[in-house]
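Numbers restart at 1 for each chain; the letters A, B, ... are given by sequence-line order, proteins then strands. The model shown is predicted, which means the values in this text are computed figures rather than measured ones.
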Protein chains: 2
Amino acid sequence: MTKKRFDDSNCSVARALNQVGDWWSLLVVLHAMYGTRRFVDFQQELGIAKNILCDRLARLVDNDVLKKVDVGEHGSRFEYRLTEKGRDLFPVVIALRQWGNKWNPAPDDASLDLRDRTTGQPIQMVQVQNAEGEPITVRDVFVSAVPVPGTKKDSA
Amino acid sequence: MTKKRFDDSNCSVARALNQVGDWWSLLVVLHAMYGTRRFVDFQQELGIAKNILCDRLARLVDNDVLKKVDVGEHGSRFEYRLTEKGRDLFPVVIALRQWGNKWNPAPDDASLDLRDRTTGQPIQMVQVQNAEGEPITVRDVFVSAVPVPGTKKDSA
DNA sequence: TAATCTGGTTTCAATATGCAACCAAATTCT
DNA sequence: AGAATTTGGTTGCATATTGAAACCAGATTA
């Protein structure tokens, strides 16, 4: 009946998808990365219904992916800005973008390049790398329990 | 009324999300990467309803992310295996996994390490890199039109 | 002062999800 | 061999989510 949620899953992918895993959330984050901050702009750029946009923005704020800032001079006027947690989705979004470009090229061939602001050069494809920095595939990895259970660590 | 779809969007992230952007699809792909191939195993590991799993597997097969292989000796017995397109989601899944681990650590602290099979070392955090291989953030990139419109290229 | 912009909320129809029951072919158990 | 179970689904029904459009109040612009 109720839609499944994964807040307490012990799978970090499931927990991540719980926060940004619906149709719209990552697109909102993407546009925030492109510079969009205002409710109306999100709505027009995404073509999303207002009630859904409200819900998604609120959820992203709840989950600390965006922060809602009142930038009004006299009354209130809001902006939604990426937090560090939100900006940290950059590799996810870019990897997804590159995958989409590679396997489902733009129908009108109007693909856009992402380039390094300082050098003007295109960025690299996002890869998974081993400790030596060599690119690896899914066949090259295995899952291991964290060796020291008491130690909090940022495991990959 | 009808749920929005992004098949023909000129945004590659939208097109990607159209194929793997719902609550379950990426989890199915993840478990496929962990080695799961059989219907029943997906169902038990994910705790997903059978009709939804049917739908998602069929959609992933339609989109060429999985292929359905009849491995039956006498009658039919199916396996769902990742295609190259599916395996190519590895950076996406790993980036999402690392993001989930970093910002929403496992409640029971039972996080699992991904390690390189040959060296036994943990893998690196997935990064976006410029042409020189230096990690960059969302602030370091800009979007540019592909310079030669007639040329088909794998733009980032 | 009137019109419009902004950031919403409400209502309602269409669609998606989840559970449980059912099913047929293949396999395993006794 | 016959019965029970496994596999890979489908169907029906109740609930949840989505999307369009109407509405709204405060701030801004004409």
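Summarising the geometry, the separation between CG on B:Leu46 and P on C:dT17 is reported as 14 Å, rounded to the nearest angstrom. Atom P of nucleotide C:dG8 and atom CZ of A:Arg59 are separated by 16 Å, given to the nearest angstrom. Between the CZ atom of A:Phe78 and the P atom of D:dT28 there is a distance of 12 Å, given to the nearest Å. For B:Gln44 and C:dC19, the CD to P distance is 15 Å, given to the nearest whole Å. One atom, CD of A:Gln43, and another, P of C:dT6, lie 10 Å apart when rounded to the nearest Å.
For A:Arg37, the salt bridge (Lys or Arg N to Asp or Glu O under 4.0 Å) partners are A:Glu79, not counting sequence neighbours. With sequence neighbours left out, the side chain to side chain contact (heavy atoms under 4.5 Å, CB included) criterion links A:Asn18 to A:Arg5, A:Phe6, A:Asp7, B:Trp23.
Side chain of A:Gln124 to backbone of B:Asn130: a donor-acceptor contact under 3.5 angstrom is found. A side-chain donor-acceptor contact under 3.5 Å links B:Asp70 to the backbone of B:Arg77.
Contact of the A:Gln19 side chain with the B:Trp99 side chain is registered, since non-hydrogen atoms from C-beta on lie closer than 4.5 Å. B:Trp103 has its side chain within reach of A:Glu84: a pair of non-hydrogen atoms, C-beta onward, lies under 4.5 Å apart.
Taking the screw axis at each terminus of the helix from C:dT1-D:dA30 to C:dT30-D:dA1 from five consecutive base pairs, the angle between the two is 20° to within rounding of 10 degrees.
Within residues 47-55 of chain B, the residues that have a heavy atom under 4.0 Å from DNA chain D are, in order of number, B:Lys50, B:Asn51, B:Cys54. For DNA chain C, the residues of residues 18-42 of chain A within the heavy-atom distance limit of 4.0 Å (strictly under) are A:Arg38, A:Phe39, A:Val40, sorted by number.
The two atoms that bring B:Ser144 and A:Arg115 nearest to each other are OG-NE, 2.9 Å, heavy atoms only. In terms of heavy-atom proximity, A:Val128 sits nearest to B:Pro91 at CG2-CA, 3.7 Å.
The shortest distance between the side-chain N/O atoms of B:Lys4 and the OP1/OP2 oxygens of C:dA16 is not below 4.0 Å. Taking 4.0 angstrom as the limit, A:Tyr80 places a side-chain polar atom (N or O) nearer than this to OP1 or OP2 of C:dG8.
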Just distance, no hydrogens or angles: give the donor-acceptor pairs under 3.5 Å from side chains in residues 38-56 of chain B, sequence neighbours left out.
unit_1	atom_1	unit_2	atom_2	d
B:Glu45	OE1	B:His31	ND1	2.8
B:Glu45	OE1	B:Thr36	OG1	2.7
B:Glu45	OE2	B:Thr36	OG1	3.1
B:Arg56	NE	B:Asp22	OD2	2.3
B:Arg56	NH2	B:Asp22	OD2	3.2

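Closest approach to the B:Arg77 side chain among C:dA16, D:dT28, C:dT27 is made by C:dT27 (side chain taken as heavy atoms from C-beta onward).
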Practice task
Verify side chain to side chain contact (heavy atoms under 4.5 Å, CB included) between B:Arg97 and B:Leu114, making sure each step is shown before the conclusion.
Solution key: CA-CA 10 Å; B:Arg97 180 187 156 100; B:Leu114 283 188; 3.7 Å; yes
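Residue A:Leu82 is tested with A:Asp88, A:Leu66, A:Leu60 for a side-chain contact (heavy atoms from CB on, under 4.5 Å); the sole match is A:Leu66.
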